[in-house]
Amino acid sequence: MTRNRLFLFAAASLVAGIMVFSCTSSPRKTTGSDPSLPAYLDGSRPISERVENALSLMTTDEKVALTHAQSKFSSAGVPRLGIPMVWCTDGPHGIRTEVLWDEWDQAGWTCDSCTAYPALTALAASWDPELARLYGVSIGEEARYRGKDVLLGPGVNILRTPLNGRNFEYMGEDPFLSSTMVVPYVQGVQSNNVAACVKHFALNNQETNRFTTNVIVDDRTLYEIYLPAFKAAVQQGGAWAIMGSYNLYKDQWNCHNQYLLNDILKGEWGFDGVVISDWGGVHNTDQAIHNGLDMEYGSWTNGLTMGKTNAYDSYFLADPYKKLLAEGKVGTEELDDKARRVLRLIFRTGMNPDRKFGKFTSPEHSAAARKIGAEGIVLLRNEGGLLPIKADAGKILVVGENAVKMMTVGGGSSSLKAKYEISPLDGIRGAFPSAKVVYERGYVGDASGEYNGVSTGQDLSEKRDAKTLIADACAQAKDADYVIFIGGLNKSDHQDAEGADRTQFGLPYGQDDVIEALSAVAGSKLVVVNISGNPVGMPWSDKVGAILQDWYLGSEAGNSLADVLSGKVNPSGKLPFTIPVELSDGPIRTPEQFPGVNNGKNYEGYPITDETYSEGIYVGYRWFEKKEIKPLFPFGYGLSYTTFEYGEPKLSAKSITKNGHLTVTVPVKNTGSVPGAEVVQLYIKDKECSVDRPVKELKGFSKVYLQPGQSKEVSIDIDSSALSFFDATSHKWVCESGTFTAVIASSSADEKGSVDFDVK
């Protein structure tokens, strides 16, 4: 970067800061109107009044400027009126490092190292909405402190295939779980006057051909599986922003899609926020004008350095839009709607007179990351009570690259520059200071550690070959009291990463060979810790003493894991997805389903791949139960260091009307010797229905904390939404009369009791 360009970037940043301060400092009053102020600057007035006043004062050019980017992560405000720019930041696991005004390279700031929070799969695995709220509040505080108006997250796309490289950013396979967890996250973020931008809307379930995949799916599947979490974020969470996705639906790109954005999002759901394009997701000016897009970002991602043809004024919603307006080929109705939405966003965020000031990398944020991480870890196997590790452990052997490799860097747009990251090895050493903790590499995965100019600074080079690495690890394992293998996936291409899907279901880098060799030496003393955001194959699962499903846990990763290994935290996580024995056991079995096939379609120079969701509503556990295929570990599964006893479930009434509700209660007792938490899950079965329905579906859950010997009554409500299916013919949700069964379970495969009721 030249000195002149550096000066321009610094000047622009300074102006932005002054502008935000100048136009938000005066309307700090929250009571009483100030007649000396224009209505749009008077924070005591309703937002709708402020929006209309500002809109009436703006020129057409100023309105158009609101609808497209002016830099990598900002769009213009209205400088003449003191209305500030909109600043976005990547998430959803932390606040991304500052980049240069018009490049992906780092800006070189020394004050933008954030708190890295656990990946959203870990949050979903906690099955705890209060933790989701804590997560949202904490990350929202960091965004507000950094002057961000829009957090580009959370992600709620459904895990359709374990090969999707971006599943780690989402909340699992079930629409009800995702819906329940996304609402408090959104509310927590927005309590800091930062908009949550829920993504990627919609049907964005793979990275292969992600720009050119046209999804073919029936309406029932769309509404029952792939839309509920977005709908909950909008209608219950009150989300202020939605991000369109790269793929197509009904042969229209989703960043300007009549069906998804106008008909469903803004029409059926009444969304009053902004639709933001994914970076580079806009392809056509006319469609961008008419099909629901409000703010265009990233269409030309090197706008100021490659000449006028790639400048921001050449965006689809920039000069081409103004040209159509000037020629009278399009009207101003759509433009005014877009401008209203952007102004509403600004008045909710940067120009909110009561806006928060935020906090950054505070001790409270570290504590939140550590707690969320620990409560999301899932104990999958614990033969003979191998875990927790005893405090007086003699020798602990830790094996595996993931025990030391930093995971906050890489993976795509969720890559972070964290203030710090505690490795699993350091966490274990800290938790067992009197033990002899020995480390062996075991395997070499990816020795690199850099993304967009952020480097881990780690030297993970290795001279030993694979055979020697295994032999050295086994030699150390012979006299160890505990052997902990820490492996799994990482944030490299074709692992858990944006831009490319996985190429195999099993563990990469020969890790299965390492685990098999260690199990032959250590046997029941071997603990396998799998770090991933996806299900992985575990052919050795019955040969090891314990298995923990770990995740990308951010800054406090090592401490969260050590808390569970040591018993400081009793594991209470439950799987947010099904882990099959083999990939072929799942519903995605043909090229037409994944990654799609080219049927000769070509739109505007793009060869389009059609992908058919022929499995319909049978995703995840719904498929496995319908086909009577036993998974390795079922959805909702997770063990504890204590035990729980369920009583008989009871209903508040034996029948309900279609507009009524009833409550299921069940007593749960901690029958073990240590405190713990259990996730009580409610599934609904429809015994007789006019359409094909899953064996059962998750429709409620509650996490209950119990001391040893303590019992509590757990109550979960049921209403017609839990009993309904989407009828595509009438385009309505239908609750039929008949007999239903409420199933209380500790996982989708472990039913504890059931009770029937009638719908009249």
Side-chain angles (χ1 to χ4, degrees), residues 161-165 167-168 378-383 386-387 397-405 407 424-425 439-447 460 462 464-478 480 482-497 500-552 561 575 577-586 630-633 637:
T161 169
L163 298 184
N164 181 7
N167 280 334
F168 73 99
V378 184
L379 179 62
L380 297 177
R381 180 178 172 90
N382 194 24
E383 291 300 295
L386 176 60
L387 296 177
L397 172 64
V398 178
V399 181
E401 182 177 281
N402 282 3
V404 297
K405 183 177 178 63
M407 295 292 191
L425 179 61
Y439 174 69
E440 282 290 341
R441 181 74 173 265
Y443 70 94
V444 176
D446 184 354
L460 295 179
E462 178 61 62
R464 291 173 291 175
D465 61 21
K467 184 176 180 180
T468 303
L469 287 169
I470 293 176
D472 289 349
C474 288
Q476 289 285 0
K478 290 179 179 178
Y482 295 90
V483 178
I484 307 174
F485 176 84
I486 303 178
L489 307 181
N490 56 38
K491 299 287 193 69
S492 303
D493 288 346
H494 300 292
Q495 301 294 308
D496 281 324
D501 290 320
R502 297 168 62 195
T503 57
Q504 63 186 73
F505 179 58
L507 290 176
Y509 313 125
Q511 293 177 73
D512 288 342
D513 294 337
V514 184
I515 296 172
E516 292 280 0
L518 288 172
S519 69
V521 176
S524 61
K525 297 184 295 183
L526 176 58
V527 179
V528 174
V529 177
N530 177 64
I531 297 176
S532 73
N534 257 310
V536 302
M538 300 182 181
W540 32 260
S541 61
D542 60 348
K543 300 178 183 178
V544 303
I547 303 173
L548 284 173
Q549 175 59 47
D550 201 1
W551 316 93
Y552 306 112
L561 175 59
L575 288 176
F577 48 58
T578 304
I579 301 181
V581 177
E582 302 285 349
L583 182 64
S584 58
D585 290 342
K630 184 178 180 181
L632 184 62
F633 295 108
Y637 178 83

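Below, all heavy atoms of this structure are taken into account, side chains as well, without hydrogens, waters or symmetry copies.
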Side chains of T468 and D465: is there a donor and an acceptor less than 3.5 Å apart?
yes
Please check this pair: side chain of K525 against backbone of A480, looking for a donor-acceptor N/O pair closer than 3.5 Å.
yes
Minimum heavy-atom separation for A517 to I470, with atom names?
CB-CG2, 3.6 Å
Can you find a heavy atom in the side chain of R464 that is under 4.5 Å from one in the side chain of V444?
no
Between K405 and K491, is there a side-chain heavy-atom distance shorter than 4.5 Å?
no
Between the CG atom in L386 and the CZ atom in R381, the distance rounded to the nearest 0.5 Å is 10.0 Å
Taking C-beta and beyond as the side chain, do L469 and E440 meet within less than 4.5 Å on heavy atoms?
no
Does some side-chain heavy atom of L380 sit less than 4.5 Å from a side-chain heavy atom of V528?
no
What is the distance from atom CE of M538 to atom CD1 of I579, rounded to the nearest 0.5 Å?
4.5 Å
Nearest 0.5 Å, what's the OH-CG distance between Y552 and D496?
3.5 Å
In Å and rounded to the nearest 0.5 Å, what is the CD to OG1 distance from Q495 to T503?
7.0 Å
H494 side chain vs D501 backbone, donor-acceptor pair below 3.5 Å
yes
Would a 4.5 Å heavy-atom cut-off, applied to side chains only, mark C474 and L518 as touching?
yes
Please check this pair: side chain of N164 against backbone of T161, looking for a donor-acceptor N/O pair closer than 3.5 Å.
no
Under a 4.5 Å cut-off applied to non-hydrogen side-chain atoms, are L526 and W540 in contact?
no
With distance as the sole test, does Q476 use its side chain to make a donor-acceptor pair with the main-chain N or O of A473 at under 3.5 Å?
no
To the nearest 0.5 angstrom, please state how far the CG atom of N530 sits from the CG atom of N402.
8.5 Å
Taking the side chain as C-beta and beyond, is there a heavy-atom pair between P580 and F505 under 4.5 Å?
yes
Heavy-atom closest pair, residues L561 and P424:
CD2-CB, 3.8 Å
Minimum heavy-atom distance between L489 and N534, given as atom pair plus value:
CD1-CB, 4.3 Å
When rounded to the nearest 0.5 angstrom, what is the spacing between CG in D446 and CG in N490?
5.5 Å
If you look at every heavy atom in A546 and N382, which pair is closest and at what distance?
CB-OD1, 4.1 Å
Heavy-atom distance under 4.5 Å between the side chains of D512 and Y443, does that happen here?
no
Worked check of side chain to side chain contact (heavy atoms under 4.5 Å, CB included) between D550 and I486
CA-CA 9 Å; D550 201 1; I486 303 178; 5.8 Å; no
Atom of L632, atom of S541 and distance for their closest heavy-atom approach
CD1-OG, 3.5 Å
Kindly give the heavy-atom pair with the smallest separation between A497 and F168, and that separation in Å.
N-CE2, 3.8 Å
Criterion side chain to side chain contact (heavy atoms under 4.5 Å, CB included) on V581 and K630, from CA distance to verdict:
CA-CA 8 Å; V581 177; K630 184 178 180 181; over 6 Å; no
Return yes when atom CD of Q504 has more than 12 non-hydrogen atoms of other residues, nucleotides or ligands closer than 6.0 Å, and no otherwise.
yes
Is there a donor-acceptor pair under 3.5 Å between the side chain of Y439 and the backbone N or O of G400?
yes
